[in-house]
Amino acid sequence: MGMSSLKLLKYVLFFFNLLFWICGCCLLGFGIYLLVHNNFGVLFHNLPSLTLGNVFITVGSIIMVVAFLGCMGSIKENKCLLMSFFILLLIILLAEVILAILLFVYEQKLNEYVAQGLTDSIDRYHLDNSTKAAWDSIQSFLQCCGINGTRDWTSGPPASCPSDPKVEGCYAKAKLWFHSNFLYIGIITICVCVIEVLGMSFALTLNCQIDKTSQSLGL
């Protein structure tokens, strides 16, 4: 009975981490695609490396490493790798909780930082081709103009702005998109946390099962 339970847990955790690893590969590939085809980081001159592409690459790489440890630890029945997998998942889960709390507490300061970064980037629109391309892409995609409207462009709105004089600013449009998709974002976040907790539970259970099986075999 002990051996069959061990095998079941081992293969469940292995396939669980295999899917986890594939998701990490997808995120990494998508991040590279965004990094190559989008340059929105230039809109925040003080922190140009904090782009969506870099975030996806970082998260994807971390997921791939953690999932690899889980796969190897389960299939090899290696307690050291399993505990490393458990600890890394625990750290990631705690980091997500802390990040969510910080975003909630400093939401106003974050909004001010984003608005200031966008304002500075508007001043560089005619001086930097990358900034110009980023603003043109955003305004065309969201059908918006400037940060709060056409008045942000002191020398007149660029061609990428919609012709409607009452067009909304990009900042308001982006926040509206976020709030309209908040439910889906929340569901995805909760699912990720549940998956992480399940992974930690499987790892601990498998670790305990390895001990029990070793004791029953007299090892």
Side-chain angles (χ1 to χ4, degrees), residues 23 26-63 92 94-193:
C23 290
C26 293
L27 284 176
L28 179 63
F30 189 57
I32 293 172
Y33 172 82
L34 287 177
L35 206 61
V36 171
H37 292 88
N38 292 294
N39 53 356
F40 297 148
V42 298
L43 297 180
F44 301 96
H45 189 63
N46 294 329
L47 204 59
S49 60
L50 188 60
T51 63
L52 196 59
N54 285 333
V55 170
F56 275 124
I57 288 174
T58 304
V59 172
S61 301
I62 292 173
I63 288 175
I92 292 171
L94 291 175
E96 289 170 350
V97 172
I98 293 171
L99 180 62
I101 293 172
L102 289 175
L103 287 175
F104 178 77
V105 172
Y106 295 103
E107 181 182 5
Q108 187 59 39
K109 288 187 177 181
L110 180 63
N111 288 336
E112 292 173 0
Y113 174 80
V114 172
Q116 184 59 48
L118 292 175
T119 302
D120 294 340
S121 67
I122 280 183
D123 296 334
R124 299 194 310 274
Y125 181 83
H126 296 290
L127 304 175
D128 180 39
N129 290 331
S130 298
T131 303
K132 182 179 184 299
W135 264 112
D136 289 341
S137 298
I138 290 175
Q139 291 180 147
S140 299
F141 178 72
L142 293 177
Q143 287 296 293
C144 57
C145 190
I147 304 169
N148 300 303
T150 55
R151 62 182 179 276
D152 292 323
W153 299 101
T154 53
S155 58
S160 57
C161 277
S163 56
D164 184 4
K166 295 183 179 180
V167 65
E168 287 187 79
C170 295
Y171 189 52
K173 272 285 188 75
K175 288 182 70 175
L176 180 64
W177 178 89
F178 178 81
H179 288 302
S180 64
N181 292 277
F182 185 76
L183 177 62
Y184 303 108
I185 295 171
I187 291 173
I188 292 171
T189 303
I190 291 172
C191 288
V192 169
C193 291

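Residue numbers count from 1 along this sequence.
Across all non-hydrogen atoms, the minimal contact from Gln139 to Cys161 is OE1-SG, 3.4 Å. Among all heavy-atom pairs drawn from Cys170 and Leu142, the shortest one is O-CD1, 4.2 Å. The two atoms that bring Val167 and Pro162 nearest to each other are CG2-CG, 3.7 Å, heavy atoms only. Cys144 and Gly169 make their closest contact through CB-C, 3.8 Å (heavy atoms, listed as atom of the first residue, atom of the second, distance).
Taking the side-chain contact (heavy atoms from CB on, under 4.5 Å) definition, one finds that Ile62 meets it with Thr58, Val66, Ile92, sequence neighbours left out. Scanning for side-chain hydrogen bond (donor to acceptor under 3.5 Å, both in side chains) contacts around Asp136 gives Tyr125, Lys132, Ser160, with sequence neighbours left out.
Taken from CD1 in Ile147 to OG1 in Thr119, the straight-line distance is 3.5 Å, to the nearest 0.5 Å. Distance NZ/Lys173 to SG/Cys145: 10.5 Å, rounded to 0.5 Å. Put simply, CD1 on Ile57 and CG on Leu28 are 6.5 Å apart, with the number rounded to the nearest 0.5 Å. Note that CD of Glu168 is 6.5 Å distant from CG of Leu176, once rounded to the nearest 0.5 Å. Distance check: Tyr171 OH to Ile138 CD1 gives 13.0 Å after rounding to the nearest 0.5 Å.
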I would like to know whether Cys191 and Ile187 meet side chain to side chain contact (heavy atoms under 4.5 Å, CB included); could you show each step before the answer?
-> CA-CA 6 Å; Cys191 288; Ile187 291 173; 4.1 Å; yes
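Counting only residues at least two apart or in different chains, side-chain hydrogen bond (donor to acceptor under 3.5 Å, both in side chains) contacts with residues 141-151 are absent.
Contact of the Pro158 side chain with the Trp135 side chain is not registered, since no non-hydrogen atoms from C-beta on lie closer than 4.5 Å. A 4.5 Å side-chain heavy-atom check between Glu96 and Thr189 finds every atom pair outside the cut-off.
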